[in-house]
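To start, the structure itself, in structure tokens.
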Amino acid sequence: MARYKAYNPDQSLLLPVTLKNHIYPGSLEETIDIMVEKHLDLTLFDQIYHNNDTGRLAYHPKVLLKVILLAYSRGIIGSRRIEQACRENILFMALAGGHHPDHSTIAAFVNSMKDFILDFFVQILMVCSELNLLDGTHFSLDGCKLPSNASKEHSATFKELKKKRGKLKEKLKGLLSQHIVTDKNDEDIREVDKSKRERRIKRIEKQIKRIDSFLNENNPKQGKTKKEIQSNITDNDSAKMPTAHGVIQGYNAQVMVDSKHQIIVHAEAMGNGQDADNLKPMVEGLKQNLKTIGNLENPVEGTILTADSNYHTNENIDLCEQETIDAYIPDTNFRKRDANFKDQKRFRDGVNKPPKKKGKFEKFSPDDFIYDKKNDGYICPQGQLLHLITNHMVNRGTIYRVFRIKNDACQNCLLRDKCLANKSAKQRYLLIPIETDENVEKPVSPSARMKKKIDSKHGKEIYSHRLGNVEPVFGNIRYNKLLNRFTYRTKVKVNTQWLLYCLIHNIEKISRYGFAN
Ligand code: SF4
């Protein structure tokens, strides 16, 4: 009879597993590991843990930071999914040293980083500088509007909120009286309907309480023109912003990028959709970061700054001139003036522009006013004279002659709706352009000076680099790292999340260009 060796298909082997061996040399994971272990000062976190005598041992901040950076680099943003990755993915296990922190620890850790995140960002920037990845002579600025964890439907002015609260109170009153009557008469109402109504009452009470506490704890928000703008109950730091895909409730994520390797030198999430308002804080932040890494007194002096036409305002151009920054910020019409774009229909015919309102809502244009040579004024469609008030008013690089009608002449005019800018306007002004300021030898307005500069051959050449400098950063963060919305509320938390994404973008650059060379 044949004899065989015994075998067991379920036989186990005891093999040593070193998690770190699964991290490939030269990979992003290895760079994250090196950066967090050797270049970031995480002792800052010691002050927030108070467990030296009692309490559970905390996860080391290095473990949590590595895991979060790796997750963000792979488009994993939710803390529950990060927790899952720490249990299932060998690379996460390796960076976490075999730990698997739960989702609430991960979310709380991101929140706790708000005071230190800028320090970490600058420390990584310092590594980039040491590895010679920064050029430091040309920076490009841009922003990207992203929705956040706030509801657009909860945006309103204080007046609208009070009105909404009134309506809810009315509704609550009706439901309560209905409830009392049913109880009193001991009506045969199904138990399920009764509990449904009770739930509804509780929900409305909660909504009223929420509006009440919001109105008590906050002041109305004011816009640039000092008029009240909409507040948001869920996240009052966020703002309603128009985008190419509709209106969103969220933040305007700004970045200042160095031209050499598209390294982000400053970043901030702003609760303001107007890019033009964000240039000043971004330049301040850039100066601060460069000072920290280079110890220079004025590190932006003589540097080039390129930004798109959303940033073109007299104030911003003035600011750049004061800071001795060589700025290239075009106006919205610069492509129309550029002969290289003469075949580009959209810059010639304005095909992307919405059609002008026609019919009875169409307003009178300057062509509807007739010049009166004798009085050096204009006659309006109602036959009234508009007299000259100034020969020289400069606006956005154009010099105008300004005419105005007598104080009370428009008060009872039947053509007010077609003639005046809005219902509250008291009288009609007429602006007649006489010359474009940039044609003058020494342009007066900053805007005209910029037009002259941007239309020059040198200006066009410099500005042409903007697109390649800053847009790939948004491409990487939005499409490779899948950041399509912020998952936090309030500016500090959203800003922390944005800076974490910018941090991993820079670490990726170090991995690719720094250690490779
Ligand atoms: S609103 Fe004033 S300026 Fe316009 S048509 Fe009437 S009177 Fe003339």
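Worth knowing before you read on, the calculation uses all heavy atoms, side chains too, and leaves out hydrogens, waters and symmetry mates. Order of appearance sets the numbers: ligands from 1, and atoms from 1 within every ligand. Numbers here are sequence positions counted from 1.
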Inset, instruction - Around atom 8 (Fe) of ligand 1, find the nearest protein heavy atom and jot down its residue, atom name and distance. - result: Cys380 SG, 2.4 Å
Legend entry - Option whose closest heavy atom lies nearest to atom 3 (S) of ligand 1, chosen from Ile379, Leu415, Ile405, Leu420: Ile405
Inset, instruction - Could you verify whether a donor N or O on one side chain and an acceptor N or O on the other, from Thr332 and Ser309, lie under 3.5 Å apart? - result: no
Inset, instruction - Please identify which atoms of ligand 1 are closer than 4.0 Å to at least one heavy atom of Arg428. - result: 3 (S)
Inset, instruction - May I ask you to check if Lys491 and Tyr251 form a cation-pi contact, with NZ or CZ under 6.0 angstrom from the six-membered ring centre and within 45° of the axis? - result: no
Inset, instruction - For the residue pair Gln230 and Asn232, confirm or rule out a side-chain donor-acceptor distance under 3.5 Å. - result: no
Legend entry - Metal site atom 6 (Fe) of ligand 1: N/O/S of Cys419 inside 2.8 Å: no
Inset, instruction - Please write down residue, atom name and distance for the protein heavy atom closest to atom 6 (Fe) of ligand 1. - result: Cys413 SG, 2.3 Å
Legend entry - pair Asp135-Asp258: side-chain heavy atoms closer than 4.5 Å: yes
Legend entry - Protein heavy-atom partner closest to atom 2 (Fe) of ligand 1 - residue, atom, separation in Å: Cys410 SG, 2.4 Å
Legend entry - Contact check, side chains of Thr313 and Leu279, non-hydrogen atoms, under 4.5 Å: no
